[in-house]
Amino acid sequence: MLQQFDLCPGRPIGGDHPCFIIAEIGQNHQGNLDIAKKMIRVAKECGADCAKFQKSELEYKFNKAALAKPYLSQHSWGSTYGDHKRHLEFTHEQYRELSKFAQEIGIFFTASGMDEMAVEFLHELNVPFLKVGSGDTSNFPYLEKAARKGRPMVISSGMQSMAIMRKVYQTMKSTKTKFCFLQCTSAYPLEPKDVHLRVITEYQKEFPDIPIGYSGHETGIAISIAAVALGAKVLERHLTLDKTWKGSDHQASLEPDELRDLVCSIRTVETALGSPLKHFLPCETTCHNKLGKSVVAKVDIPVGTVLTLDMMTVKVAVPKGVEPSNIFNLVGKQVTANIGADETITDDLVGKP
């Protein structure tokens, strides 16, 4: 049975609960605290459930050579990769300020812990759940240590194989931690041919007792809406205030109007998914009254005649009569009154065989 659990206090995921929508701010804030707060507010106003960042303790995520490597990209905020990342990394105190701000305006706040020490800080910050970025999904010591914090976990699966994801599943199950997987392809921006939404349904078959979601890096909103229609219970999309800003994630992000449209479309799709039970609905009554067909006499049928199929046809008729689906049940029964050609055959005009 599909596992349902509270990803955040009072906000369950899985089952028939609405898709949990994460606005991934990441490092699209340009290293500016005021922009970060504005983005949190935008996420709230657009209807997202959670504003998410990326937290690193740089000396634990990168080795010295990686931090010292020259970084000459057009997206660079410094001459070395370390300088670039330091510009974008908020301090612990700034994170506390952002968390408090999110709480004040009424949106959940968390971050991807990009290394084990970042997870320690996020646990101290009391985030509702831990997000595991794709780069750490196969980092099993990291997974086990994060799981021991006792918080729900959302695990992206970019750059992984099904074999790895099975191992991740078994590892997480052994910790008794509540978790879900997100289908993800780690490319920015992501081409439709590389999305592979059908992995969502394969994950649902392979891991039927956990919620499955989608983390998208494509442009536009159509693919993310389709993911929800396929059953994604958590959706993560990057948010930006301007796709032309410096930074490699902006082009794969949604601007506020797009995020707003995405949330609205997802809620519409969830309503439209409705029930798997097929039956006549009250809203169809008007159409049925106007266009619904009935069995009518093809020829004059005298009282006492035993009906045969060639005596009857189906038309829109006044008054309504026997439903066309029951026409074969009329064969062999006697009529109890004269029925003129083109007149409706009603139940009260037909007796027993």
Side-chain angles (χ1 to χ4, degrees), residues 8 22-46 48-64 66-69 71 73 75-136 142 146 149 151 153-154 156 188 215 236-243 245-250 252-256 259:
C8 298
I22 300 171
E24 163 70 296
I25 295 170
Q27 295 190 323
N28 281 353
H29 48 69
Q30 314 299 84
N32 184 301
L33 193 67
D34 290 334
I35 291 176
K37 289 182 178 180
K38 183 176 180 179
M39 295 181 78
I40 293 172
R41 186 177 294 280
V42 166
K44 167 68 176 178
E45 291 172 348
C46 289
D49 295 288
C50 179
K52 190 183 82 66
F53 289 74
Q54 296 174 6
K55 183 71 186 87
S56 299
E57 302 294 343
L58 296 179
E59 287 72 23
Y60 290 88
K61 181 179 179 181
F62 301 100
N63 71 3
K64 292 179 180 179
L67 291 172
K69 183 179 178 180
Y71 192 50
S73 165
H75 301 302
S76 175
W77 292 96
S79 59
T80 67
Y81 197 65
D83 291 338
H84 166 76
K85 297 300 287 186
R86 290 183 192 98
H87 173 84
L88 294 171
E89 194 65 46
F90 287 138
T91 66
H92 288 191
E93 191 54 41
Q94 287 173 318
Y95 260 89
R96 292 186 184 96
E97 187 174 342
L98 291 173
S99 177
K100 181 181 178 182
F101 177 77
Q103 184 177 13
E104 288 172 351
I105 69 170
I107 187 171
F108 293 115
F109 175 92
T110 193
S112 299
M114 309 300 280
D115 54 80
E116 292 178 12
M117 290 307 294
V119 170
E120 292 292 336
F121 168 67
L122 293 173
H123 179 62
E124 174 195 324
L125 192 62
N126 199 29
V127 296
F129 67 93
L130 295 171
K131 170 67 196 302
V132 179
S134 294
D136 280 306
Y142 167 100
K149 301 302 179 186
R151 300 181 185 277
M153 294 171 63
V154 175
S156 280
Y188 305 80
S215 177
E236 178 183 70
R237 287 299 305 271
H238 286 247
L239 172 65
T240 182
L241 299 184
D242 188 337
K243 292 182 183 182
W245 278 357
K246 186 195 308 188
S248 56
D249 284 354
H250 291 288
S253 303
L254 300 178
E255 291 183 343
L259 179 60

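- Taking OG of Ser215 as the reference point, atom CZ of Arg237 lies at 8.5 Å (rounded to 0.5 Å).
- Here the shortest heavy-atom pairing between Phe109 and Ala102 reads CB-CB, 3.6 Å.
- Applying the salt bridge (charged side-chain N to carboxylate O under 4.0 Å, His left out) rule to Glu104 yields no partners; only residues at least two apart in sequence or on another chain are considered.
- Between Ser56 and Lys61, the closest heavy-atom pair is OG-CD, 3.5 Å.
- Taking OH of Tyr71 as the start and OG of Ser76 as the end, the distance is 6.5 Å to the nearest 0.5 Å.
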Could you list the donor-acceptor pairs under 3.5 angstrom formed between side-chain atoms of residues 37-45 and any protein atom two or more places apart in sequence or on another chain?
from	atom 1	to	atom 2	distance (Å)
Lys37	NZ	Glu97	OE2	2.5
Lys44	NZ	Gly106	O	3.0

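- Summarising the geometry of Ala36 relative to Ile25, their closest heavy-atom pair is O-CD1, 4.4 Å, with the distance given to 0.1 Å.
- Here the closest non-hydrogen pair linking Ser112 and Glu24 is OG-OE2, 4.5 Å.
- By the ring-ring contact (aromatic ring centres under 6.0 Å, His included) test, Phe62 pairs with Tyr81, sequence neighbours left out.
- Scanning for ring-ring contact (aromatic ring centres under 6.0 Å, His included) contacts around His87 gives Trp77, with sequence neighbours left out.
- Shown here are the side-chain hydrogen bond (donor to acceptor under 3.5 Å, both in side chains) partners of Gln30, two or more places apart in sequence or in another chain: His250.
- Asp115 pairs by the salt bridge (charged side-chain N to carboxylate O under 4.0 Å, His left out) definition with nothing, not counting sequence neighbours.
- Looking at residues two or more places apart in sequence or on another chain, you find a side-chain hydrogen bond (donor to acceptor under 3.5 Å, both in side chains) between Gln94 and Thr91.
- In the displayed structure, Tyr60 atom OH is contacted under 6.0 Å by at most 12 heavy atoms of other residues, nucleotides or ligands.
- Under the side-chain hydrogen bond (donor to acceptor under 3.5 Å, both in side chains) criterion, Asn32 pairs with no residue at all, not counting sequence neighbours.
- In this structure, CG in Leu88 is found 9.5 Å from CG in Leu58, a value given to the nearest 0.5 Å.
- The shortest heavy-atom contact between Ala118 and Glu57 is N-CG, 3.6 Å.
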(request) Test side chain to side chain contact (heavy atoms under 4.5 Å, CB included) on Phe121 and Arg96 and set out the steps. (result) CA-CA 10 Å; Phe121 168 67; Arg96 292 186 184 96; 4.0 Å; yes

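- Between Glu120 and Lys149 a salt bridge is recorded (basic side-chain N to carboxylate O distance below 4.0 Å).
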Please list, one pair per line, the donor and acceptor atoms closer than 3.5 Å that link side chains of residues 125-134 to other protein atoms, with sequence neighbours excluded.
from	atom 1	to	atom 2	distance (Å)
Asn126	OD1	Arg151	NH1	3.1
Asn126	OD1	Arg151	NH2	3.0
Lys131	NZ	Ser156	OG	3.1
Lys131	NZ	Glu236	OE1	2.9
Lys131	NZ	Glu236	OE2	3.0
Ser134	OG	Gly158	N	2.8

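- Between Gln27 and Glu89 the shortest side-chain heavy-atom distance falls below 4.5 Å.
- In this structure, NE2 in His84 is found 11.5 Å from CG in Leu67, a value given to the nearest 0.5 Å.
- Two residues are said to be in side-chain contact when any heavy atoms from C-beta on lie closer than 4.5 Å; Lys55 and His92 meet this criterion.
- Under the salt bridge (charged side-chain N to carboxylate O under 4.0 Å, His left out) criterion, Asp83 pairs with Arg86, sequence neighbours left out.
- When all heavy atoms of Pro256 and Leu241 are compared, the closest pair comes out as CG-CD2, 4.1 Å.
- Interatomic distance, CD1 of Ile107 versus CG of Asp49, reported as 7.5 Å (0.5 Å rounding).
- Looking at residues two or more places apart in sequence or on another chain, you find no ring-ring contact (aromatic ring centres under 6.0 Å, His included) involving His123.
- Note that the CG atom of Asn28 and the CH2 atom of Trp245 stand 8.5 Å from one another [nearest 0.5 Å].
- Listed by chain and residue number, nothing satisfies the salt bridge (charged side-chain N to carboxylate O under 4.0 Å, His left out) test with Glu255 (two or more places apart in sequence, or in another chain).
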